[in-house]
Amino acid sequence: MSAVLLGLATALTAVVLLLLVPVMVLFVQVVLAAGDRPAADLPARRPRLAVLVPAHNEAAGIAASLATVTAQLDPGDRVLVVADNCSDDTAQVAAAAGAQVAVRTDARLRGKGYALAFGVERLADDPPEVVLIIDADCAVQRGAVDRLARECLAQQRPVQALYLMQSPPGAGLRTRIAEFAWVVKNQVRPLGWYRAGWPCQLMGTGMAFPWRLIRSAPLASGHLVEDLQLGLDLAAAGSPPVFAPEACVTSVFPEQAAGLAAQRTRWEHGHLGVIATQAPRLLGLALTRGRVGLGAMVLDLCVPPLAALVLLLSGALALGALLALLGGHAVPLALAAAGVALLSVAVLLAWAGHARRIVSLRELLGVPLYVLGKLPIYARLFGHRQVEWVRTKRDDKPR
């Protein structure tokens with residue numbers, strides 16, 4: 001019996017040590033995010049640009065989104081909306097809002113990646129210097145288009161804006177905690193790596209690409225998180241994305257519970273799948289070629305969604321406590337407790353620096369309920385894992 005317990009303790013120790021890696025990465029990112037780094041100098045010339053907007057059944061809100069884009073365009077710039085497999089009036093509404101429209105119909109090849117590839121082909125007739133990708137449900141904050149375009153021209157690499165998801169008015173605590181988790185993922189963590197001089201992941205919208213890169217990028221896929229995969233592919237090819245925190249793009253969480261659940265399932269299943277399939281290969285590439293930036297991206301990739309990390313550490317803590325009671329093997333328990341403590345400090349620091357307006361300190365006590373609410377999403381990984389792209393069901397009213 002003691003040999004069995006020792007074996008279990010050894011295995012659990014190895015698992016906890018693996019879990020400590022993303023916890024430490026997150027902690028370092030949060031600490032670095034509190035520092036400072038001057039904004040990069042931008043070229044005086046603004047490049048000629050095209051804004052590419054993939055849209056699937058977005059008639060209810062696309063006009064408002066396009067208005068935030070067109071107000072920031074210069075003469076010679078253009079907006080191309082790809083109305084992809086739409087069954088509503090997305091194309092007509094976009095055209096009335098002043099955008100060029102390309103209609104794509106292919107029920108077999110579905111997903112944002114296919115729409116983007118279709119749009120890039122249309123742009124090839126008169127290629128711009130820089131292509132911006134903006135989702136049809138987003139608001140582009142003032143100055144973001146100019147900032148992204150000029151920085152992309154200067155860097156000649158993909159540039160990612162700060163992309164924030166916000167709670168709708170009157171949202172409940174679970175949605176506001178989800179907003180806080182989004183701030184940690186899309187603002188705090190990339191800001192930490194930015195201040196260290198390292199690249200970030202692509203976030204799906206608010207992205208700028210030099211034409212030479214987007215023209216040959218592997219866009220056409222139905223991947224659940226095509227943006228994340230695209231950023232990793234470009235980084236592996238030598239063009240890791242640059243974070244531009246001064247440029248901001250926002251969207252709103254769906255009010256409908258079904259839409260929010262579908263959105264979370266797609267993001268989290270896709271992210272966990274990319275960790276499992278891409279992290280070992282890319283880490284090996286970073287190590288063998290001495291590419292520090294790519295290595296930093298892989299470490300960031302390996303930080304799972306906060307809820308998943310909390311669940312894994314909590315499970316390890318419970319198992320460690322059981323082993324300590326049964327056989328006196330305290331090492332796994334001590335390591336798991338250290339991981340929980342470090343994660344808690346990181347979350348509190350992130351909240352104090354960036355999310356006081358979203359949830360109060362007292363409301364953070366609701367995090368365990370938020371985490372438990374994710375259990376059905378993670379349970380489906382083992383039986384009904386989402387493998388196809390599915391559009392998030394939004395509210396049937398303008399934003």
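For D89 (side chain) and Q92 (main-chain N/O), no donor-acceptor pair under 3.5 Å exists by modelled atom type. At distances below 3.5 Å, not a single donor-acceptor pair connects side-chain atoms of S239 with backbone N or O atoms of L234. When atom types are taken as modelled, the side chain of E226 and the backbone of G113 share no donor-acceptor pair closer than 3.5 angstrom. Between the side chain of R78 and the backbone N or O of L73, no donor-acceptor pair lies under 3.5 Å. A distance-only check finds a donor-acceptor pair linking the side chain of R212 to the backbone of Q156 [under 3.5 Å]. One N or O on the side chain of Q72 and one on the backbone of G143 form a donor-acceptor pair closer than 3.5 Å. Judged by distance alone, with hydrogens and angles left aside, the side-chain atoms of R104 form no donor-acceptor pair with the main-chain N or O of N85 at under 3.5 Å. Remark: the backbone N or O of A95 is not paired with any side-chain donor or acceptor of Q100 at under 3.5 angstrom. Between the Q141 side chain and the T250 main chain, no donor and acceptor come within less than 3.5 Å of each other.
Rounded to the nearest 0.5 angstrom, L12 CG and L5 CG are separated by 12.0 Å. Here the CG atom belonging to D84 is positioned 9.5 Å from the CG atom belonging to N57, to the nearest 0.5 angstrom. To the nearest 0.5 Å, the span separating CG on L173 from CD1 on I358 amounts to 12.0 Å. The CZ atom of R147 sits 13.5 Å away from the SG atom of C248 when rounded to the nearest 0.5 Å. Separation of atoms CG (L8) and CG (L322) is listed at 9.5 Å; rounding is to 0.5 Å. The CG atom of L26 sits 11.5 Å away from the CE atom of M24 when rounded to the nearest 0.5 Å.
Using a 4.5 Å cut-off on side-chain heavy atoms (C-beta onward), F253 and P168 make contact. The side-chain heavy atoms of Q166 and E179, taken from C-beta on, include a pair separated by under 4.5 Å. Contact annotation: the side chain of E58 never approaches that of V53 to less than 4.5 Å [non-hydrogen atoms, C-beta and beyond]. In this structure, the side chains of F243 and M203 come closer than 4.5 Å at one or more pairs of heavy atoms. Side chains of P240 and W198 form no contact here, defined as non-hydrogen atoms less than 4.5 Å apart. Residues F209 and L230 form a side-chain contact, since some pair of their non-hydrogen atoms from C-beta on lies under 4.5 Å apart.
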- Message: R215 vs E121, test: salt bridge (Lys or Arg N to Asp or Glu O under 4.0 Å). Steps then yes/no.
- Response: CA-CA 8 Å; R215 183 68 182 89; E121 287 298 324; 3.2 Å; yes

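The two residues A55 and T90 make their nearest non-hydrogen contact at CB-CG2, 3.8 Å. Considering all non-hydrogen atoms of both residues, I62 and V93 come closest at CG2-CG1, 3.7 Å. Across all their heavy atoms, P47 and E129 have their closest contact at CA-OE2, 3.4 Å. Minimum heavy-atom separation, C138 to T68: O-OG1, 4.1 Å. Minimum interatomic distance between W211 and V131 (heavy atoms only, all atoms of both residues): CE3-CG2, 3.7 Å. Nearest heavy atoms, A149 versus L49: CB-CD2, 3.6 Å.
L17 and V310 end up in the same hydrophobic cluster when Ile, Leu, Val, Met, Phe, Trp and Tyr side chains are linked at under 4.5 Å. Under a hydrophobic clustering in which Ile, Leu, Val, Met, Phe, Trp and Tyr are joined whenever their side-chain heavy atoms come within less than 4.5 Å, directly or via other members, L232 and L213 fall into different clusters. Put simply, L153 and V242 are part of two different groups of oily side chains (I, L, V, M, F, W, Y) that touch within less than 4.5 Å, one to the next. L42 and V130 fall into different hydrophobic clusters, where Ile, Leu, Val, Met, Phe, Trp and Tyr residues are linked whenever their side-chain heavy atoms come under 4.5 Å apart, directly or through other members. The same ILVMFWY cluster, assembled from side-chain heavy atoms under 4.5 Å apart, contains both V145 and V79.
Checking each of L202, D135, L52, V249 against M207 for a side chain to side chain contact (heavy atoms under 4.5 Å, CB included) leaves exactly one that passes, namely L202.
Within a 6.0 Å radius of CZ in R289, no more than 12 heavy atoms belonging to other residues, nucleotides or ligands are found. Counting non-hydrogen atoms of neighbouring residues, nucleotides and ligands closer than 6.0 angstrom, the CZ atom of R142 reaches no more than 12 such neighbours.
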List the atom pairs, with distances to 0.1 Å, where a side-chain N or O of residues 323-351 and a protein N or O form a donor-acceptor pair under 3.5 Å, not counting sequence neighbours.
{"residue": "S344", "atom": "OG", "partner": "V340", "partner atom": "O", "Å": "2.8"}
{"residue": "W351", "atom": "NE1", "partner": "V359", "partner atom": "O", "Å": "2.7"}

Atom pairs and distances, side-chain donor-acceptor, residues 291-303, under 3.5 Å, sequence neighbours left out:
{"residue": "R291", "atom": "NH1", "partner": "A236", "partner atom": "O", "Å": "3.0"}
{"residue": "R291", "atom": "NH2", "partner": "A235", "partner atom": "O", "Å": "2.3"}
{"residue": "R291", "atom": "NH2", "partner": "A236", "partner atom": "O", "Å": "3.4"}
{"residue": "D300", "atom": "OD1", "partner": "Q29", "partner atom": "NE2", "Å": "2.9"}
{"residue": "D300", "atom": "OD1", "partner": "R189", "partner atom": "NE", "Å": "3.3"}
{"residue": "D300", "atom": "OD1", "partner": "R189", "partner atom": "NH2", "Å": "2.9"}
{"residue": "D300", "atom": "OD2", "partner": "Q201", "partner atom": "NE2", "Å": "3.1"}

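Every residue was checked against the side chain to side chain contact (heavy atoms under 4.5 Å, CB included) condition with D125, not counting sequence neighbours, and none meets it.
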